[in-house]
Every structure is written in C-alpha cells, then in structure tokens.
Amino acid sequence: MTSNEINHVYQAGWKNVFLASWLKYPTPSRPDILSVDIINKEFNNEKGILTSTRLMIIKNSVPSWVRWIINCPEHLYFVEESIINLKEQSFVLETKNLSLTNIFNLEEKCIYKPNALNTNWTNFKQLYTATVHSRLPRRLEVFMCQTAVDNASKGRKIMENTIDYVKREYDLAIDVVKKEYDEVLESTNRALKETLGISFKDE
C-alpha cells in the first residue's frame, strides 16, 4: 500500500469553496474526466446535512506496460460519496474506483473546513491510498499515487479558477438584485409623489 497527503489553504470562504468543488468538473483542463453525474442525494433538514453520490467516468491512463499484462477497459468508473454539514461547515468527499478492483484500489479523501485563524479562508486536506492486489509490481502503486498527486495540482488550479467564477456570479447576482430593487424603489417613489406628494427618500 502506498499513500500520500496534501494540505492546502484556499483564500476563499467555505461556502464558495464547496460550491466550486461541485462545479469544477467537467473542464477542458482535465479532458480525461469525461462525466460526473449525481446518482443519489438526500438532505436532512433537521441536522443540516446533505449526502450525495456521484458517478465519475474517466479515460484510462494506466501505462502501456500494465495494459500489456492485463486487459484494461478504455474507461474507468469511480464513485464519489460526499457529506456536507451546513451547521458545522464541513465538507468530506470520499472517492474510490469501481473498475479493476480485483487488481487495484485507489481511494481519495478530501476534507474542507474553515481556517481557524481566518474564517474567510478554507483548509483543504487530500489523502490518497493506492493498493495493488495482483502480481503487478509495487511501482504501479507508486505510479498511481504520483498520478494522483499530479492531478491534485491541476485540481487545485481548477478549483481556484472555479472559486473566482463562483465569486463573480455571486457579485453579479447581488448587482442584479440591487439594480432591480433600485428600479422598484424609484418606480414606487414616482407613484407616491404623483398621487400623495410623498417619497421614501429625500430629493
């Protein structure tokens, strides 16, 4: 078994980060991730906990020397289980492979929590574990963990870009609401002034 751990701090609030995590795939930056589909979700209103299951289809990137030994499919399937606790502000993702489990297991766990020193930042911990069950050499475990680390670096860049997108969309929504509010207020003021000679705001 080979494992690795990565820690990172996103300079963004927890809500923006977990929204970005949901929106980041598919993306041209990771063309190997072909699709991510929600197959189940449940929300416990009393506890404020959302649990969901997503199915991921990824283009096979197993090295040619492994394909020469075993019959690898063109696409690999992974399942992702997530728990979002809105009250405690924690977001945990656990992903594992569904394909080729008789040969290897690749497990990933991601944890998002507000930074203790700055609540406008979010701590991110990523854990990888690779285990080979066949006669394939241990270097396959090393390859899988190294590939996971390389993809994690790409994933953080994708997350940063998606966080910026979430922020822009939020700011845009606020601007739209404010503009609509101002238009309604202005229309109401005109009507009040014309009919009653009063206004909500000073002229």
Side-chain angles (χ1 to χ4, degrees), residues 1-27 29-30 32-44 47-62 75-116 119 121-133 138 140-163 166:
M1 181 177 73
T2 304
S3 60
N4 208 325
E5 177 178 325
I6 297 171
N7 290 280
H8 182 71
V9 177
Y10 290 107
Q11 295 185 16
W14 179 81
K15 289 184 178 180
N16 283 341
V17 171
F18 96 71
L19 283 173
S21 179
W22 275 83
L23 297 172
K24 66 179 181 177
Y25 297 127
T27 173
S29 300
R30 283 290 307 275
D32 56 314
I33 300 180
L34 303 177
S35 66
V36 180
D37 298 301
I38 298 174
I39 56 177
N40 184 55
K41 60 180 178 179
E42 296 179 8
F43 181 67
N44 187 314
K47 295 182 178 180
I49 295 177
L50 172 65
T51 57
S52 68
T53 303
R54 298 198 295 182
L55 180 68
M56 305 176 68
I57 302 177
I58 300 177
K59 187 176 180 180
N60 195 345
S61 60
V62 173
H75 300 144
L76 299 179
Y77 293 84
F78 288 77
V79 64
E80 174 197 86
E81 304 281 351
S82 68
I83 301 176
I84 302 173
N85 190 317
L86 299 175
K87 292 183 178 180
E88 296 183 2
Q89 290 196 319
S90 69
F91 180 26
V92 179
L93 292 166
E94 295 190 53
T95 307
K96 61 182 179 181
N97 60 298
L98 296 177
S99 304
L100 303 176
T101 53
N102 60 317
I103 298 171
F104 70 87
N105 286 105
L106 180 61
E107 298 180 356
E108 175 193 31
K109 185 174 184 179
C110 299
I111 303 171
Y112 300 85
K113 287 186 176 181
N115 185 282
T119 56
W121 291 1
T122 303
N123 291 340
F124 172 60
K125 178 184 287 188
Q126 195 169 24
L127 306 166
Y128 288 105
T129 302
T131 306
V132 173
H133 306 297
R138 183 179 178 274
L140 178 57
E141 291 183 354
V142 176
F143 166 81
M144 288 191 295
C145 266
Q146 186 56 51
T147 300
V149 170
D150 293 342
N151 286 337
S153 178
K154 296 177 185 177
R156 288 193 298 275
K157 292 179 182 179
I158 293 169
M159 274 290 291
E160 297 286 2
N161 292 335
T162 311
I163 288 169
V166 169

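As the structure is a computational prediction, the values presented were derived from the model and not from experiment. Start at 1 with the first residue, then count along the sequence.
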With heavy-atom distances below 4.5 Å as the criterion, would you say the side chains of [X] and [Y] are in contact?
X    : Y    : result
Q126 : E108 : yes
W14  : T119 : no
Y10  : E160 : yes
L76  : N97  : no
T51  : E81  : no
F18  : T122 : no
L50  : L86  : no
N105 : K96  : no

Please identify each residue that fulfils side-chain contact (heavy atoms from CB on, under 4.5 Å) with [X], with sequence neighbours left out.
X   : answer
I57 : L34, S35, H75, Y77
S52 : W22, K41, S82
V9  : N115, W121, N123
N7  : E5, K125

Exercise. Test I49 against I83 for side chain to side chain contact (heavy atoms under 4.5 Å, CB included), laying out the working first.
Key: CA-CA 7 Å; I49 295 177; I83 301 176; 3.8 Å; yes

Atom of [X], atom of [Y] and distance for their closest heavy-atom approach:
X    : Y    : value
Q89  : P114 : O-CD, 3.0 Å
K24  : S21  : CG-O, 3.5 Å
T162 : A20  : CG2-O, 3.5 Å

To the nearest 0.5 Å, what is the distance between [atom1] on [X] and [atom2] on [Y]?
X    : Y    : atom1 : atom2 : answer
M56  : D37  : CE    : CG    : 10.5 Å
K157 : T27  : NZ    : OG1   : 13.0 Å
D32  : K154 : CG    : NZ    : 6.5 Å
K15  : F91  : NZ    : CZ    : 14.5 Å
I158 : L23  : CD1   : CG    : 13.0 Å
I103 : T101 : CD1   : OG1   : 8.5 Å

Quiz prompt | Pairs where residues 50-62 contributes a residue and the test salt bridge (Lys or Arg N to Asp or Glu O under 4.0 Å) is met, not counting sequence neighbours | solution =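 Pairs touching residues 50-62 that pass the test: R54-E80.
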
Quiz item: Which residues pass the salt bridge (Lys or Arg N to Asp or Glu O under 4.0 Å) test with R156, sequence neighbours left out?
Solution: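 Salt bridge (Lys or Arg N to Asp or Glu O under 4.0 Å) check on R156 returns nothing, list empty.
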
